[in-house]
Peer 1: 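There's a structure below that I have some questions on.
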Amino acid sequence: NATAARCRRSLVIVMSSGESKDYKYLILGGGNAAGYAARALVAKGVGKSEAAIVSREEVAPYERPALSKAFLFADPPARLPGFHTCVGGGGDRQEPEWYEDNGVDLILNEEIVSADLGDKKLTSKAGTEFGFDKLVIATGCSPIVLSKLEGADLKGIHYLRENADALQLYDSLHARKGEDVLVIGGGYIGMEVAAAASIVGCKPKLIFPDSHMMSRLFSPSMADKYESFYKEKGIEFYKNGYRCEGFVGDEDGNLSGVKVSLDGKEEVIPGKACIVGVGARPNSRLFTDQLEMELGGIKVDGQFQSSVKDVYAVGDIAAFPLKIYDRTTRMEHVAHARQSAAHAVDAMFDDSTPDYDYLPYFYSRVFNLSWQFFGDSVGEPVVVGDIQPKMSVFWIKDGQVNGVFTESPSAEDTEVMAVIARERPSVDVAKLSALTDPDEALKL
Ligand code: FAD
Ligand code: NDP
């Protein structure tokens, strides 16, 4: 695209094979966390070419959440450079010029294939070597690919992680208006892309094994409300045991359907486009032998320092101490990517920086709905109201609120929810359960 072409021409540092370059601060990965880490380094006053981003993507860091939302259905659709970091976090839009103006080397289309942390050196597929004093690993996740299933290579099967994937998915959905589109997985990607496909004018069919969508967060009664809303939009569900077992295609190698099984019985659901969202895996392979790992990611302390000095890990890849609940976790959400990157840079410059004290926060937007969640979904969920016009859900254990969710919250509700989740107040469960108005419930 135009941005990438412009990057290649002038603003991006192009390295040749065998060349080596040393940086004081090297950020590996060019996604959400990387953009925010660069912003934080610039705010610390790093000098020209002291810092660099090395990314295998062909575009400068951007706000990834846009890819499953306005990128797919808006008219005109969201496109780069409109959503480069750090627009989502209230900062400047860091187009390639921003990196040049601020002396941060932006090295794109460069995949790192080996790391020697003892020697403080990374090597790219093209044979370029990058030395560092301090390394920030921000390699994020990659989608789990159903590569072992029959027909996995057929044309028309999509995964969604990067700008390039989203461009292809956009073309595919817009070429299939009025036709069935198969969505495998009832998690975040499934829920958001099914909504986008429906807005585009396709007929999505959502296929997943669980009894209800978004089972990682939604209770059955919450999911039921969203599923009814989706059904009213014409979206069909194949759930509760339905598992994708393979893909079928025509003689030209194009997808013609998805093979599913239920209770041992196989059937083919026809469709020429399919999007798979069956989870993501941290891109940690480069470091498994050199760093302590946990939960599939890189284990870090409250300063995002890994088990090797001067090597930090942030964003999706980091398994960090979640102080508020006294457990180690990984968070695959953008608020944490932004905040962890800024925190790691603070800690890099000042080792008296307090430990990261993150309050989990998730959100999603589908159709004209938009929900937010703060805290921990531990305990019995108490639902107040309905998704239209507004609904709040409180997870209660031993009389205390652990997590709070609101569909269509106001800005004021968002602030209140954060306070509730942080303070975990005691509530009268019977009184809360008897309410029908979420505004009253949020005041309890
Ligand atoms: P990423 O943003 O994934 O960046 C990782 C970067 O590292 C990429 O540029 C990748 O190419 C690069 N990389 C990896 N390995 C190498 C290598 N070996 N060499 C060079 N480069 C490498 N979260 C929310 O809270 N709300 C949302 O609405 C939301 N929507 C989302 C929608 C989509 C479609 C997706 C995929 C994710 C969404 N998320 C959302 C999750 C959020 O985007 C991630 O949590 C966030 O992007 C994580 O940031 P990161 O920098 O850790 O990883
Ligand atoms: P999720 O883990 O959210 O969801 C995976 C879904 O796939 C689950 O419903 C799971 O069902 C289902 N599944 C697993 N295997 C199969 C199978 N063989 N056939 C059918 N369904 C299957 O992952 P996503 O892929 O949705 O998201 C990927 C990443 O993107 C995550 O990091 C996520 O956080 C991020 N993201 C975040 C968004 C947000 O925060 N708003 C939006 C979009 C993406 P079951 O539960 O039964 O195992």
Side-chain angles (χ1 to χ4, degrees), residues 27-37 53-69 71-72 85 88 107-115 122 124-125 136-144 146 149 159-166 169 183-193 196 206-217 238-246 258 260-261 275-286 297 313-318 330-338 340-341 361-366 370-373:
I27 303 166
L28 170 59
N32 255 114
Y36 284 80
I53 281 180
V54 183
S55 172
R56 67 183 177 199
E57 286 193 73
E58 60 169 14
V59 290
Y62 54 88
E63 304 286 1
R64 199 165 300 286
L67 299 183
S68 50
K69 304 177 184 70
F71 195 103
L72 297 178
T85 57
I107 302 160
L108 302 178
N109 291 306
E110 197 87 45
E111 181 175 4
I112 296 300
V113 292
S114 74
L122 305 180
S124 79
K125 200 173 189 174
V136 180
I137 303 171
T139 46
C141 285
S142 290
I144 294 174
L146 300 176
L149 296 189
Y159 293 84
L160 180 58
R161 184 77 198 183
E162 304 197 337
N163 187 60
D165 304 327
L169 180 61
V183 182
I184 315 286
Y188 283 100
I189 294 274
M191 193 171 175
E192 293 188 2
V193 176
L206 251 171
I207 304 160
F208 54 89
D210 223 311
S211 59
H212 63 275
M213 73 199 299
M214 284 293 296
S215 57
R216 284 204 298 185
L217 180 65
Y238 292 77
K239 58 171 195 166
N240 221 353
Y242 273 96
R243 190 168 283 282
C244 173
E245 303 287 358
V258 165
V260 293
S261 71
I275 160 87
V276 183
V278 294
R281 232 177 241 130
N283 294 316
S284 54
R285 202 171 39 87
L286 279 173
V314 296
D316 283 11
I317 190 91
R330 279 198 315 102
M331 287 277 157
E332 296 177 2
H333 294 278
V334 74
H336 162 68
R338 294 170 182 158
S340 59
Y361 167 67
F362 316 141
Y363 74 89
S364 182
R365 288 193 288 274
V366 290
S370 159
W371 59 256
Q372 296 183 20
F373 170 84

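We count ligands from 1, going down the list as the structure has it; atoms in each ligand are counted the same way.
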Peer 1: Of all the heavy atoms in K69, does at least one lie under 4.0 Å from an atom in ligand 1?
Peer 2: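 Flag set, K69 near ligand 1.
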
Peer 1: Under 4.0 Å from a heavy atom of I207: give me the atoms of ligand 2 that qualify, with their elements.
Peer 2: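 Reading through ligand 2 atom by atom, the close ones are 20 (C), 21 (N).
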
Peer 1: Considering only protein heavy atoms, determine whether one is less than 4.0 Å from atom 3 (O) of ligand 2.
Peer 2: yes

Peer 1: Only heavy atoms of G315, strictly under 4.0 Å: list the atoms of ligand 1 that pass.
Peer 2: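 Those of ligand 1 that fall under 4.0 Å from G315 are 52 (O).
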
Peer 1: Looking only at distance, does G30 have an N or O less than 3.5 Å from an N or O of ligand 1?
Peer 2: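 Min N/O separation from ligand 1 is below 3.5 Å for G30.
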
Peer 1: Do me a favour and list the nearest non-hydrogen protein atom to atom 14 (C) of ligand 2 with residue, atom name and distance?
Peer 2: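 Sorting protein heavy atoms by distance from atom 14 (C) of ligand 2 puts V278 CB, 3.6 Å first.
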
Peer 1: Give the single entry among S215, G241, G185 that approaches atom 12 (C) of ligand 2 most closely by any heavy atom.
Peer 2: G185

Peer 1: Can you tell me the protein heavy atom closest to atom 19 (N) of ligand 2 and the distance?
Peer 2: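 Of every protein heavy atom, C244 N, 3.3 Å lies nearest to atom 19 (N) of ligand 2.
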
Peer 1: Polar-atom distance check: G279 versus ligand 2, any N or O pair below 3.5 Å?
Peer 2: yes

Peer 1: Please say whether E192 places an N or O atom under 3.5 Å from an N or O atom belonging to ligand 2.
Peer 2: yes

Peer 1: Hey, is ligand 2 close enough to F208 that some N/O pair sits below 3.5 Å?
Peer 2: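 Such a contact does not occur with ligand 2.
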
Peer 1: Judging by distance only, is a nitrogen or oxygen of I189 under 3.5 angstrom from one on ligand 2?
Peer 2: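 Between I189 and ligand 2, an N or O pair is found under 3.5 Å apart.
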
Peer 1: Would Y363 count as being in polar contact with ligand 2, using the rule that some N or O on each side must be under 3.5 angstrom apart?
Peer 2: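 Yes, Y363 has an N/O under 3.5 Å of an N/O on ligand 2.
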
Peer 1: For atom 32 (C) of ligand 1, grab the closest protein heavy atom and report residue, atom and distance to one decimal in Å.
Peer 2: S68 OG, 3.2 Å

Peer 1: Which option, Y361, W371, Y159, Y188, owns the non-hydrogen atom nearest atom 39 (C) of ligand 2?
Peer 2: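 Considering heavy atoms of Y361, W371, Y159, Y188, the nearest to atom 39 (C) of ligand 2 sits in Y188.
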
Peer 1: Contact between F362 and M331 at the side-chain level, heavy atoms closer than 4.5 Å - yes or no?
Peer 2: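 Touching, per the 4.5 Å side-chain cut-off.
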
Peer 1: Quick one: does A280 get an N or O within less than 3.5 Å of an N or O on ligand 2?
Peer 2: no

Peer 1: Looking at every non-hydrogen atom in both residues, tell me the closest pair between E58 and N109 and how far apart they are.
Peer 2: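 The answer is CB-OD1, 3.2 Å.
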
Peer 1: Going by heavy-atom distance to atom 18 (N) of ligand 2, choose the closest among M213, R243, R281.
Peer 2: R243

Peer 1: Looking at ligand 1, is there an atom of it that comes within less than 4.0 Å of some heavy atom belonging to Y363?
Peer 2: yes

Peer 1: Taking N or O atoms only and a 3.5 Å limit, does H333 qualify as a polar contact for ligand 2?
Peer 2: yes

Peer 1: Quick one: does I184 get an N or O within less than 3.5 Å of an N or O on ligand 2?
Peer 2: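 So ligand 2 has no N or O lying under 3.5 Å from an N or O of I184.
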
Peer 1: Heavy-atom contact check, 4.0 Å cutoff: does S364 meet ligand 1?
Peer 2: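 Flag not set, S364 not near ligand 1.
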
Peer 1: Hey, does L160 sit under 4.0 Å from ligand 1 if you only count heavy atoms?
Peer 2: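 For ligand 1, residue contact (heavy atoms, under 4.0 Å) with L160 is present.
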
Peer 1: What protein heavy atom sits nearest atom 32 (O) of ligand 2, and how far off is it?
Peer 2: E332 OE1, 2.4 Å

Peer 1: Hey, looking at atom 53 (O) of ligand 1, which of A37, A115, G140, A34 has the closest heavy atom?
Peer 2: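 It is G140 whose heavy atom sits nearest to atom 53 (O) of ligand 1.
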
Peer 1: Does some non-hydrogen atom of the protein lie less than 4.0 angstrom from atom 10 (C) of ligand 2?
Peer 2: no

Peer 1: Is A33 in polar range of ligand 1, meaning some N or O pair under 3.5 Å apart?
Peer 2: yes

Peer 1: Within the 4.0 Å heavy-atom shell around D210, which atoms of ligand 2 are there?
Peer 2: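 Those qualifying, in numeric order: 45 (P), 46 (O), 47 (O).
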
Peer 1: Quick one: closest heavy-atom pair of L108 and E57, and the distance?
Peer 2: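 Where L108 meets E57 most closely, the heavy atoms are CB-O, 3.4 Å.
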
